[in-house]
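For ligands, and for the atoms within them, numbers begin at 1 and follow the listed sequence. Everything numeric in this text was worked out from a predicted model, so none of it was measured.
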Amino acid sequence: HHAKEHGVEFSRYTAAMKMRTQSRVELENDMRKGLEREEFFLEFQPQIGLDTGKMLGMEALVRWNHPKRGLLPPSEFIPLAEDSGLIVPLGEWVLKTACQYNKKWQDEGYDPVCVSVNLSMRQFRQYNLTERIDSILQEVGLDPRYLELEVTESMTYDIDTALEQLYRLKKLGIHISIDDFGTGYSSLYYLKSLPIDRLKIDRSFVKEVMCDGNDAAIVSTITTMAHHLKLKVTAEGVENQEQLEFLKLQNCHEGQGYLFSKPVPASEFESKFLSRKAG
Ligand code: C2E
Ligand code: MG
Ligand code: MG
Ligand code: MG
């Protein structure tokens, strides 16, 4: 009796596993097609200077309009794209498209701002990454100083390669930030030697900054450290006024979060956040 039940359980389990594998493979194939069929699109989220309230930059975030599953957030396909290697063509599409928007907006006479693009580890490890990015910038005609790449602390797992890669990227004239800072395992030694421009404090620390003394201490310490290392610092996930006031008191440079805006499609971003050059 029991054995039979276990058998049923077991076959249910394997059926579920099989389905999961099937849908993985299916999703992977869909992704390949989706890239050709232009089912992916970008949303932009403003990055706000906390002393002036002015928008200083924007982050491009990818979304997938799946023909059957509907609108998918990055959490539903980026990990799969990383496993399959599809993140490389997808990431390149994101880079190029983000640069194209930024160039178009500059050409239309809006105040120039920097666009931040997330770079996966798979992309970061490409030996010819700098050349690829250089050729995208040339093709689009965007000045490198209006592009910022967001990498994560996991790049420091191979510090020599990371350093070399970062120096090559920096030589192009683009900016580099460390995303989700504080959640990885980069040591202070690396922080001292990496040619980076900005730390983005992970939103898990910002979330409870008003009720958790440890989070407040961490945010304040990262901000102070960034100042001393002459790095810019951005707080992610700013959702309310109290968090904003706390961050201002710490002299945190920039904030990004729902308090200012959630990520929005390009046309909405253009009308809501871009401003014409004065004069
Ligand atoms: P991230 O780079 O740390 O991006 C910030 C994420 O936090 C975005 O989620 C954004 O919508 C969300 N967010 C912004 N403000 C708030 C807030 O106030 N509260 C809360 N709760 N969340 C906020 P999203 O767009 O779902 O992206 C999730 C992650 O997926 C990104 O985290 C990034 O790691 C990855 N991702 C997104 N686009 C790309 C891409 O083009 N390439 C790569 N490699 N990764 C990407
Ligand atoms: Mg990011
Ligand atoms: Mg982040
Ligand atoms: Mg991230």
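Considering only non-hydrogen atoms, atom 15 (N) of ligand 1 lies nearest to Q45 out of K200, E150, E59, Q45.
Residue-level proximity to ligand 1 for S120 is carried by backbone and side chain together, each with a heavy atom below 4.0 angstrom. When non-hydrogen atoms are compared, ligand 1 lies under 4.0 Å from the side chain of E236 (C-beta onward) but not from its backbone. The part of V94 lying near ligand 1 is the side chain, judged by heavy-atom distances below 4.0 Å.
Among the candidates P263, P265, P73, the single residue satisfying the side chain to side chain contact (heavy atoms under 4.5 Å, CB included) test with R63 is P263.
In this structure the side chain of S261 never reaches within 4.5 angstrom of the side chain of K272, judged on heavy atoms. Q256 is not listed as a side-chain neighbour of E254, based on a closest heavy-atom distance of 4.5 Å or more. Within the 4.5 Å cutoff, the side chain of D215 has no heavy atoms near those of the K207 side chain. Between E108 and E270, some side-chain heavy-atom pair lies under the 4.5 Å cut-off.
Using a 4.0 Å heavy-atom cutoff, P73 is absent from the residues neighbouring ligand 1. Using a 4.0 Å heavy-atom cutoff, K262 is absent from the residues neighbouring ligand 1.
Coordination check, D180 versus the Mg ion (ligand 2): failed, since every N/O/S atom of the residue sits at 2.8 Å or beyond. Inclusion of E236 in the first shell of the Mg ion (ligand 2) is not supported: no N, O or S atom falls under 2.8 Å.
In terms of N/O distances under 3.5 Å, ligand 1 is not approached by Q256. Checking only distances, L61 never comes within under 3.5 Å of ligand 1, N or O to N or O. The shortest N or O to N or O distance between D180 and ligand 1 is under 3.5 Å.
The aromatic rings of F40 and W93 sit tilted, their planes meeting at an angle between 30° and 60°.
Looking only at its N/O/S atoms, D179 has OD1 as the one nearest to the Mg ion (ligand 3).
At least one donor-acceptor pair closer than 3.5 Å links the side chain of Q243 to the backbone N or O of V206.
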